[in-house]
Structures are given as structure tokens and as C-alpha cells.
2 protein chains.
Amino acid sequence: MYDEWAELWRTLGDPTRLHILSLLGIRDACVCELVELLPISQSAVSQHLRRLKSSGLVRDYRDRTWVFYTLRPDMPGVVATFLKDLPIPPEDAQWLRSHHVVQTCQVPMVDT
Amino acid sequence: MYDEWAELWRTLGDPTRLHILSLLGIRDACVCELVELLPISQSAVSQHLRRLKSSGLVRDYRDRTWVFYTLRPDMPGVVATFLKDLPIPPEDAQWLRSHHVVQTCQVPMVDT
DNA sequence: CCCATATATTAGTGTATCATGATATGGTTA
DNA sequence: TAACCATATCATGATACACTAATATATGGG
């Protein structure tokens with residue numbers, strides 16, 4: 001009866017995942033951008049994203065070589081309410097607003 | 001920055017603790033009553049209560065030989081909102097409403 | 001196909017968590 | 001104080017978690 005809620009709360013119960021969710025509140029981001037902003041390995045970021053996805057909090061879509069993650073608008077209301085008030089490190093917010101993927105990540109070949 | 005929230009969510013991230021919180025939503029209960037209602041040992045119940053207490057979700061007070069636990073009205077609003085909608089096994093709700101401690105637990109000596 | 005980049009997955013390791021049983025602590029009554 | 005009950009804590013084992021390093025998979029362009 002409480003298992004599903006418990007699993008959802010445990011997904012929220014990790015500082016790195018909260019950090020990721022707060023970043024996605026600014027804008028969609030691809031994995032390599034999150035890796036840039038978080039102090040952990042790409043592998044760890046990927047695993048956190050898998051967990052967030054399987055808990056129904058984020059969705060992913062592909063654009064060229066990148067996989068972007070985005071907050072799911074249909075997440076439980078109580079979680080959405082919480083995320084709305086979750087603080088974001090100001091430098092992270094600014095970084096996300098001022099950078100674009102192609103400036104940050106290597107890209108196989110972009111036409112000038 | 002996210003550590004405190006993460007710890008709080010991890011406290012909510014256990015089915016037994018959600019069960020306990022839903023029970024306390026009916027009325028204050030002492031440890032031996034919770035032990036009666038939950039399928040785990042008294043030791044386990046006590047440890048869950050300690051965690052709920054240290055996360056600021058419940059408070060305890062003593063009445064004769066019993067320690068009663070109660071929901072803290074000053075818990076974070078988002079948690080209170082969630083608990084308000086948390087379902088409760090009907091038989092538990094009825095048990096709590098129809099029983100009293102002295103009917104359930106052994107008591108050193110009760111005057112008739 | 002071959003290579004480079006982005007992402008996911010696997011394996012291994014240290015730590016946290018949740019359960020139990022045994023024991024300690026504390027209050028109440030005789 | 002002694003005996004009893006309620007509760008808390010301790011020691012331990014099984015499982016879940018979060019990380020890293022290494023490897024696999026996918027995509028896009030020569």
C-alpha cells in the first residue's frame with residue numbers, strides 16, 4: 001500500500017538527485033551538461049537519471065547525439081509543489097541560462 | 001544545500017514509516033499499540049520512531065508507563081499536505097478508534 | 001567501414017539501511 | 001528494594017545504495 005510512495009520518496013532522498021531536479025527546473029539539459037555541473041562521474045549521473053526516470057519524475061528525448069532530460073509535467077502534484085520552491089545554486093542557474101550545448105560539449109561536426 | 005531535504009525524504013522513503021505516520025494521523029498512539037498494528041518487532045518500531053522524531057515529523061510524550069507519539073504540527077507544509085491524503089488501512093483506523101491503551105497493553109496495576 | 005563523441009551498462013567496493021534477538025534503561029507498584 | 005512492564009539501545013546479518021573504473025552501445029561524419 002505504501003511501497004510506491006516510499007520508492008518515490010527514496011528517489012528524492014538523495015542530494016545529487018535533488019540537485020539534478022533543480023537544474024532541470026531551469027531548462028532541459030543533456031547528460032554532458034549535467035556532468036559539467038555536477039561533481040560526480042558521467043556514469044553516476046547516468047545512473048541517477050535512470051532512477052529519476054523509472055520513478056516517473058523525468059523523461060528523456062534525443063537530439064542529434066545528445067539525450068536531453070526534462071521534468072515530467074505529470075509528476076505527483078506534491079512533488080511538483082516541492083520542486084517549485086527548491087533552491088538552485090545561482091551560478092548553476094546562470095550557467096544554464098547562458099550556455100548552449102554546442103558551446104560546452106564536443107560535437108562531431110557542426111556547420112559554421 | 002540539499003542534504004537536509006534529502007534526509008527528510010529518505011525518512012519518508014520507507015513503507016513502515018509511512019504506515020506509522022498514517023496511523024498517527026488518526027490519533028496519538030503509544031509504542032505498544034503500534035507494535036500491535038505493525039508486522040514488525042518492538043525494536044524495529046522503536047527505531048523507526050527514533051528516525052521520525054529526529055527528522056522532526058513526530059514528537060513524544062509520556063503518560064504513566066507509556067510513551068505516546070504524535071504528529072508534529074510544525075512539520076514542513078509539503079509533508080503535511082502529503083500525509084493528509086495518505087490512505088490508511090480501514091481496519092487499522094477502526095482499531096485505533098475503538099481501542100484504548102489499557103485494553104490492549106498490559107498495565108502494571110489499574111484501579112478498577 | 002572507421003573514428004570520435006555521448007550515453008548506458010556492468011562489475012566491484014564501501015557505506016547505509018532495515019530487520020531480528022538480546023540486553024539495558026526507566027517508570028510504577030508492591 | 002524487588003518485580004514487572006514499556007521502551008530504547010546494542011550487536012549483527014542481509015540487502016539496498018552510491019560511487020568509480022572499465023566496457024558496451026548508439027549516433028554522426030569522413
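Within every chain, numbering begins at 1; the chains are lettered A, B, ... in the order of the sequence lines, protein sequences first and strands thereafter.
Of the options Val45(B), Leu21(B), Val58(B), a side-chain contact (heavy atoms from CB on, under 4.5 Å) to Tyr69(B) is made by Val58(B) and by none of the others.
Taking the side chain of Ser43(B) as heavy atoms from C-beta on, and the options dT20(C), dA6(C), dT17(C), the nearest nucleotide is dT20(C). The Gln42(B) side chain lies nearest to dA8(D) when the options are dA6(C), dT9(D), dA8(D). Closest contact between the side chain of Ile40(A) and the listed nucleotides dC19(D), dT7(C), dT20(C) involves dC19(D). Of the candidates dT7(C), dA19(C), dA16(D), dT7(C) carries the atom nearest the Val31(A) side chain, counting heavy atoms from C-beta on. Among the nucleotides dA6(D), dA6(C), dA19(C), the one closest to any side-chain atom of Trp66(A) is dA6(C). Each of dA19(C), dT20(D), dA18(D) was ranked by its minimum atom distance to the side chain of Ser41(A); first place goes to dT20(D). Of all nucleotides listed (dT20(C), dT20(D), dT28(C)), dT28(C) comes nearest to the side chain of Thr65(B).
OP1 and OP2 of dT7(D) both lie 4.0 Å or more from every side-chain N or O belonging to Tyr61(B). Between Arg50(B) and the phosphate of dT9(D), there is a side-chain N or O to OP1/OP2 separation shorter than 4.0 Å. Residue His48(B) places no side-chain N or O under 4.0 Å from the OP1 or OP2 atom of dT17(C). Neither OP1 nor OP2 of dT7(C) sits under 4.0 Å from any side-chain N or O of Arg62(A). Between dG27(C) and Arg64(B), no contact under 4.0 Å exists linking OP1 or OP2 to a side-chain N or O. At least one side-chain nitrogen or oxygen of Arg17(B) sits closer than 4.0 Å to the OP1 or OP2 atom of dC18(C).
Judged as a side-chain hydrogen bond (donor to acceptor under 3.5 Å, both in side chains), and not counting sequence neighbours, Arg10(B) has no contacts.
Straight-line distance from the CZ atom of Arg51(A) to the C1' atom of dT7(C): 20 Å, rounded to whole Å. The interatomic distance linking Trp9(B) (CH2) with dA16(C) (C1') rounds to 20 Å, in whole Å. Rounded to an integer number of Å, the gap from Leu38(A) CG to dA18(D) P is 14 Å. Going from atom CD of Glu33(A) over to atom P of dT7(C) covers 9 Å, rounded to whole Å. As rounded to whole Å, 16 Å separates atom C1' of dC17(D) from atom CD of Glu7(B). In this structure, Asp60(A) places its CG atom 11 Å from C1' of dA8(C), rounding to the nearest Å. Atom CG in Asp14(B) sits about 17 Å away from atom P in dA16(C), given to the nearest Å.
Where Arg10(A) and Lys53(A) each meet DNA chain C at their nearest nucleotide, the meeting point lying more 5' is that of Lys53(A). Closest-nucleotide positions on DNA chain D for Asp63(A) and Pro39(A) were compared, and the one nearer the 5' end corresponds to Pro39(A).
The disulfide bond (SG atoms under 2.5 Å apart) analysis of residues 11-89 of chain A, with sequence neighbours excluded, yields the pairs Cys32(A)-Cys105(A).
Residue Pro76(A) comes nearest to Leu8(A) through the heavy atom pair CG-CD2, 3.8 Å, listed as atom of the first residue, atom of the second, then distance. The shortest heavy-atom contact between Ala6(B) and Leu18(A) is N-CD1, 3.7 Å.
For dT7(D), the base has no donor-acceptor partner in the side chain of Gln47(B) [N/O atoms by modelled type, under 3.5 angstrom].
Heavy atoms of Phe68(A) sit nowhere under 4.0 angstrom from any nucleic acid atom.
Checked by atom type, the side-chain pair Asp28(B)/Tyr61(B) shows a donor-acceptor distance below 3.5 Å.
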